[in-house]
*Asks:* 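Questions regarding the structure given below will be posed in turn.
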Amino acid sequence: MRVISLSCYCSANPTFSPNSKHSFTNLKKKEPFSLHFGRKLNYNINNVAVKGGVGESVDGFVVVDDDLQALFQILPQDLRNSLENDPKRGQLIEVILDLGRYPEARFLGESGGHYLRNTEVSMKELEEAQSIVGEFGGDNRAGIEGTLHRISAIRSRKGLIVGLTCRVGRAISGHIDMVHDLLQYGESILFLGRPGVGKTTVMREMARVLADELHKRVVIVDTSNEIGGDGDIPHSAIGGARRMQVPEPSMQHKVMIEAVENHMPEVILVDEIGTEAESLACRSIAERGVMLIGTAHGELLVNIIKNHILCDLVGGVETVTLGDDEARARHCQKTILERKGPPTFPFLIEMRERNYWVTHRTERSVDVLLHGKKPLVEVNFCSLAILR
């Protein structure tokens, strides 16, 4: 277990308020100012000017539980020794074991990887690792019981495992301070980000905060046991939230509906929404008055708008033909794109980096983007410094 110090930043033309909850200091001019962190903090993402404000989270610290020793147990002894003595092990993201190649470690904040030795990975080493991990599911993923680590397999055409991605799973408490106030609204939130940016980690912490601090009935639909960890008993990082496991990835949408119908949740969390069936399940859940927290792959809101499978999550898009008078009044063409209906997720958060999030009021941002303009958003920064 390690402790992380937390500092929050905000940038870009803020709206100042005398009733602000947060006070900051301008590092350049040494002048105090207040910054409003509520829903009225709006500014243009394309007109950013860093103010240099620094503050603290509510608790001032973030506790991280990564249980690296359990992950190291599946590695060959020489790699285990190398990583245990590595001063950067706290920033370890994943270990790559590919047949006939040098084993590689990848660290947070570094491009590329770092070779752990100058001899190649053998089939025997892969088989030994597989025997420790156990059976892989239909999505070629497995876990280590009682931990949050994920082991993903690469197979040959004959079905043999020829590569392993051993990914570190961490429980981070306090990481959602940047958007904690959004949870008070009780409205659904979609987290958008590329792989590795920390979406699942945030989902895990969201579940704990909603269940333990806000006292909601929370159910996690855990397709690959990434959120709640491997094994029948969920990891303590999800707090009092309940976890429903999914037998096959293709059944995720069915388990989502089952969770609503059988277990009376106030909040449902689901990771990696990616199919039309899952999108329709999200719509059904939202229409039943259940708060939904979900994630999807992509970097920007516009990526979801252009995705014909997932665009329904943000209200959908349809082509509308205007009359001559209306087109002249709007100063636009007669054929335009408009939002089809209300979004499934009223809030959408683009996780640009692990400590850099952009929050959209989905309905408003989609309308503005479809009109070819730049939306007003809220930008949140969070500086994390890992302490040993």
*Asks:* List the atom of T344, the atom of C282, and the distance in Å for their closest heavy-atom pair.
*Replies:* CG2-O, 3.5 Å
*Asks:* To the nearest 0.5 Å, tell me how far I305 CD1 sits from N307 CG.
*Replies:* 11.0 Å
*Asks:* Donor-acceptor pair, distance only, cut-off 3.5 Å: does the side chain of S188 make one with the backbone of F345?
*Replies:* no
*Asks:* Between R167 and T165, do the side chains contain a donor N or O and an acceptor N or O under 3.5 Å apart?
*Replies:* no
*Asks:* Search all heavy atoms of V179 against all heavy atoms of M206 and return the closest pair with its distance.
*Replies:* CG2-CE, 4.1 Å
*Asks:* Where the side chain of R217 meets the backbone of A211, is there a donor-acceptor pair that is under 3.5 Å apart?
*Replies:* no
*Asks:* Between E125 (side chain only) and S122 (backbone N and O only), is there a donor and an acceptor less than 3.5 Å apart?
*Replies:* yes
*Asks:* Would you give the length of the straight line joining atom CD1 of I304 to atom CG of L190, rounded to the nearest 0.5 angstrom?
*Replies:* 6.0 Å
*Asks:* Does CG in N85 sit with more than 12 non-hydrogen atoms of other residues, nucleotides or ligands closer than 6.0 Å?
*Replies:* yes
*Asks:* Do L310 and E276 come within less than 4.5 Å of each other through their side chains, counting heavy atoms only?
*Replies:* no
*Asks:* According to a hydrophobic-cluster definition based on side-chain heavy atoms being under 4.5 Å apart (Ile, Leu, Val, Met, Phe, Trp, Tyr only), do L370 and L301 belong together?
*Replies:* yes
*Asks:* Using a 4.5 Å cut-off on heavy atoms from C-beta on, say whether the side chain of E110 contacts that of K88.
*Replies:* yes
*Asks:* Distance check, rounded to the nearest 0.5 Å: M291 atom CE versus I189 atom CD1?
*Replies:* 4.5 Å
*Asks:* What's the separation between atom CZ in R170 and atom NE2 in H149, rounded to the nearest 0.5 Å?
*Replies:* 8.5 Å
*Asks:* Do the side chains of L292 and M251 join up, straight or via other hydrophobic residues, at under 4.5 Å, putting them in one cluster?
*Replies:* yes
*Asks:* Check the pair R141 / E226 against salt bridge (Lys or Arg N to Asp or Glu O under 4.0 Å), numbers first and verdict last.
*Replies:* CA-CA 10 Å; R141 292 181 178 181; E226 268 197 273; 3.1 Å; yes
*Asks:* Is any side-chain heavy atom of L97 closer than 4.5 Å to a side-chain heavy atom of L75?
*Replies:* yes
*Asks:* Pairing donors with acceptors under 3.5 angstrom, does anything connect the side chains of E378 and N380?
*Replies:* yes
*Asks:* F107 and I93: which non-hydrogen atoms are nearest, and at how many Å?
*Replies:* C-CD1, 3.6 Å
*Asks:* Hey, could you give me the CD/CD1 distance between E205 and I238, rounded to the nearest 0.5 Å?
*Replies:* 12.0 Å
*Asks:* Show, in sequence, the C-alpha distance, side-chain angles and deciding distance for D67 and F72, and conclude whether the side chain to side chain contact (heavy atoms under 4.5 Å, CB included) test is met.
*Replies:* CA-CA 9 Å; D67 198 6; F72 292 164; over 6 Å; no
*Asks:* Between R361 and E187, is the closest basic N to carboxylate O distance under 4.0 Å?
*Replies:* yes
*Asks:* Whether the side chain of R117 engages the backbone of T119 through a donor-acceptor N/O pair (distance < 3.5 Å, no angle test) should be reported.
*Replies:* yes
*Asks:* Checking N303 against E299: is there a side-chain donor and acceptor pair closer than 3.5 Å?
*Replies:* no
*Asks:* Taking the side chain as everything from C-beta on, heavy atoms only, tell me whether T295 gets closer than 4.5 Å to V202.
*Replies:* no
*Asks:* After noting the C-alpha distance and the side-chain angles of E94 and R106, does the key distance pass the salt bridge (Lys or Arg N to Asp or Glu O under 4.0 Å) rule?
*Replies:* CA-CA 5 Å; E94 58 190 11; R106 296 174 181 172; 2.9 Å; yes
*Asks:* Hey, are the side chains of V218 and P265 touching, using non-hydrogen atoms and a 4.5 Å cut-off?
*Replies:* no
*Asks:* So, E213 and R208, do they make that salt bridge, N to O below 4.0 Å?
*Replies:* yes
*Asks:* Start with the C-alpha distance between L182 and T359, add both sets of side-chain angles, then the distance that settles side chain to side chain contact (heavy atoms under 4.5 Å, CB included), and finish with yes or no.
*Replies:* CA-CA 10 Å; L182 280 183; T359 302; 4.0 Å; yes
*Asks:* Identify whether the distance between the nearest side-chain nitrogen and carboxylate oxygen of K199 and E272 falls below 4.0 Å.
*Replies:* no
*Asks:* Quick one: do I132 and L160 end up in the same hydrophobic cluster if we chain Ile, Leu, Val, Met, Phe, Trp and Tyr together by side-chain heavy atoms under 4.5 Å apart?
*Replies:* no
*Asks:* Around atom CD of Q73, are there more than 12 heavy atoms of other residues, nucleotides or ligands at under 6.0 Å?
*Replies:* yes
*Asks:* Donor-acceptor pair, distance only, cut-off 3.5 Å: does the side chain of R194 make one with the backbone of R352?
*Replies:* yes
*Asks:* Looking at E84 and R89, does any basic side-chain N land under 4.0 Å from a carboxylate oxygen?
*Replies:* no
*Asks:* Determine the minimum heavy-atom distance between G143 and D230, stating which atoms define it.
*Replies:* O-OD2, 3.5 Å
*Asks:* Any non-hydrogen side-chain atom of K306 less than 4.5 Å from a side-chain atom of V302?
*Replies:* yes
*Asks:* Is there a donor-acceptor contact under 3.5 Å linking the side chains of H114 and E104?
*Replies:* no
*Asks:* Working to the nearest 0.5 Å, report the span between CG of L300 and OG of S365.
*Replies:* 11.5 Å
*Asks:* Would D271 and T223 count as a side chain to side chain donor-acceptor pair (under 3.5 Å) here? Give the steps.
*Replies:* CA-CA 7 Å; D271 205 5; T223 304; over 6 Å; no
*Asks:* Would you mind reporting whether I96 and R101 have side-chain heavy atoms less than 4.5 Å apart?
*Replies:* no
*Asks:* Are the side chain of E278 and the backbone N or O of G274 linked by a donor-acceptor pair below 3.5 Å?
*Replies:* yes
*Asks:* Classify the ring geometry of W357 against F191: parallel below 30°, tilted from 30° to 60°, perpendicular beyond 60°.
*Replies:* perpendicular
*Asks:* Count I, L, V, M, F, W, Y as connected when their side-chain heavy atoms are under 4.5 Å apart, and connections chain through other members. Are I233 and I220 then in the same cluster?
*Replies:* no
*Asks:* Indicate yes or no for a side-chain donor-acceptor contact from K374 to the backbone of L369 under 3.5 Å, with no hydrogens or angles considered.
*Replies:* no
*Asks:* Other than Y102, which residues form its hydrophobic cluster under the rule that side-chain heavy atoms must be closer than 4.5 Å?
*Replies:* Y115
*Asks:* Same hydrophobic cluster for V314 and L280, using side-chain heavy-atom links shorter than 4.5 Å among ILVMFWY?
*Replies:* no
*Asks:* When you check the gap from the basic side-chain N to the acidic O, do R288 and E261 get nearer than 4.0 Å?
*Replies:* yes
*Asks:* Taking I227's backbone N and O only, do any of them form a donor-acceptor pair with D222's side chain (distance below 3.5 Å, no angle check)?
*Replies:* yes
*Asks:* Which heavy atom of H235 sits nearest a heavy atom of A171, and at what distance?
*Replies:* CE1-CB, 4.5 Å
*Asks:* Do NZ/NE/NH1/NH2 and the carboxylate oxygens of R283 and D312 come within less than 4.0 Å?
*Replies:* yes
*Asks:* Does K340 come within less than 4.0 Å of E318, counting only side-chain N to carboxylate O?
*Replies:* no
*Asks:* Counting N and O atoms only, with roles assigned by atom type, does the side chain of D86 sit under 3.5 Å from a partner on the main chain of S82, one being a donor and the other an acceptor?
*Replies:* no
*Asks:* Between N140 and S152, do the side chains contain an N or O donor and an N or O acceptor separated by less than 3.5 Å?
*Replies:* no
*Asks:* Under 4.5 Å between any side-chain heavy atoms of Q252 and V270, yes or no?
*Replies:* yes
*Asks:* Given L348 and L192, is the side chain to side chain contact (heavy atoms under 4.5 Å, CB included) satisfied, shown in steps?
*Replies:* CA-CA 7 Å; L348 184 144; L192 195 64; 4.2 Å; yes
*Asks:* Please determine whether side chain to side chain contact (heavy atoms under 4.5 Å, CB included) holds for the pair L269 and V221, giving the CA-CA distance in whole Å, both sets of side-chain angles, and the decisive distance to 0.1 Å.
*Replies:* CA-CA 6 Å; L269 290 94; V221 178; over 6 Å; no
*Asks:* Between L116 and A105, what is the shortest heavy-atom contact and its length?
*Replies:* CD2-CB, 3.8 Å
*Asks:* Sub-3.5 Å donor-acceptor pair from the side chain of T147 to the main-chain atoms of I144, do we have one?
*Replies:* yes
